[in-house]
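Fair warning: this is a prediction, and the values are worked out from it, not measured in the lab. Read the numbers this way: they start at 1 and go in the same order the structure lists the ligands and their atoms. Both backbone and side-chain heavy atoms feed into the values below; hydrogens, waters and symmetry mates do not.
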Amino acid sequence: MIIFDNAADMRAWCREQHRAGKTIGFVPTMGALHEGHLSLMRAAAGGNDLAVASIFVNPTQFAPHEDFNKYPRTFDQDVAMCASAGVVAVYAPTARTMYAEDYSTFVTVGGVSEGLCGGSRPHFFRGVAAVVTKLFNAVEADHAYFGQKDAQQCAVIKRMVRDLDMAVQIVEMPIVREADGLAMSSRNRYLNAEERARALCLSRSLFAALDLMERGERDAETVKSAVREGMREVKIDYVELVDAETMRPVERVERPVLLAVAALLESARLIDNIKFNPAGHGGSQQ
Ligand code: AMP
């Protein structure tokens with residue numbers, strides 16, 4: 001495994017690979033890796049000559065009251081997991097090399113970043129868009145892989161790449177779940193047994209709502225209230241039914257939609273979602 005800690009060396013390596021005719025697939029992560037991350041890495045390794053992952057807990061996407069300091073950091077184990085998934089190089093910059101003391105540049109992606117997590121975490125997407133831009137400038141990849149787990153983040157990155165003519169192609173991968181349905185997340189390790197049991201109501205409510213839509217329900221309010229009802233055991237941050245591309249709320253399910261939820265448990269904020277396409281009728285089970 002080759003580990004790079006600065007953008008210049010990382011970029012030089014990518015250029016050398018490209019000169020040798022190799023394609024590069026890239027998976028940005030914040031570490032504390034699990035099967036969800038590994039599914040992205042396997043796709044990157046399978047769809048390109050070389051797979052690169054980054055591990056960087058990005059301070060600029062956390063608000064002061066959020067969990068930046070306690071975010072799990074398991075670097076050695078992460079590197080071994082990257083290798084097992086076919087990654088050949090890891091980009092692991094330090095916050096100091098990423099952010100000069102007078103760093104002052106952010107990337108604002110309008111429209112799709114509003115509402116949902118953008119509503120609850122107003123600082124979040126400008127930090128994500130800026131760090132992903134910086135990562136794309138270091139890891140010059142042909143394809144970059146993101147999870148539907150963070151569906152709004154995918155929409156923001158796709159919009160940014162399109163609007164700013166970035167050369168990389170974005171690939172969105174399905175949500176990997178635990179056997180009982182809980183969407184895998186690095187933050188699941190914050191949960192105690194009692195919270196872990198209650199956290200199941202997110203995926204359970206989403207799948208029940210998917211069933212409702214598959215059986216023909218098209219009224220957004222009816223679908224959302226069924227989800228809210230199913231999530232009574234947790235404090236709801238949001239339950240939203242939005243157009244899957246624009247992230248704007250819909251009143252009726254007439255185009256591909258994203259049903260997205262966020263909940264606050266005592267020790268973690270969790271998000272989950274499903275997509276549903278009324279045209280194909282079959283909703284994705286992700
Ligand atoms: P993170 O380390 O949480 O920033 O996530 C890095 C990437 O892994 C993002 O593109 C996430 O959407 C993706 N990811 C996280 N959890 C999952 C999951 N359960 N299934 C699929 N992808 C995931």
Under a 4.0 angstrom heavy-atom cut-off, which atoms of ligand 1 come close to [X]?
X      : answer
Lys149 : 16 (N), 17 (C), 18 (C), 23 (C)
Pro174 : 20 (N), 21 (C)
Met184 : 16 (N), 17 (C), 18 (C), 19 (N)
Thr29  : 2 (O), 6 (C)
Pro28  : 6 (C), 7 (C)
Ile175 : 20 (N), 21 (C)
Leu40  : 7 (C), 8 (O), 10 (O), 13 (C), 22 (N)

May I ask you to check if ligand 1 and [X] share an N or O to N or O distance below 3.5 Å?
X      : result
His37  : yes
Met30  : yes
Val176 : yes
Asp150 : yes
Gly147 : yes

Would [X] and [Y] count as having a side-chain donor-acceptor pair, cut-off 3.5 Å?
X      : Y      : result
Ser120 : Asp237 : yes
Tyr145 : Asn48  : yes
Asp67  : Tyr190 : yes

Taking the inter-plane angle between the rings of His123 and His65 on a 0 to 90° scale, is it parallel (under 30°), tilted (30 to 60°) or perpendicular (over 60°)?
perpendicular
Mind telling me whether Phe146 and Phe136 have parallel, tilted or perpendicular rings, with 30° and 60° as the class edges?
perpendicular
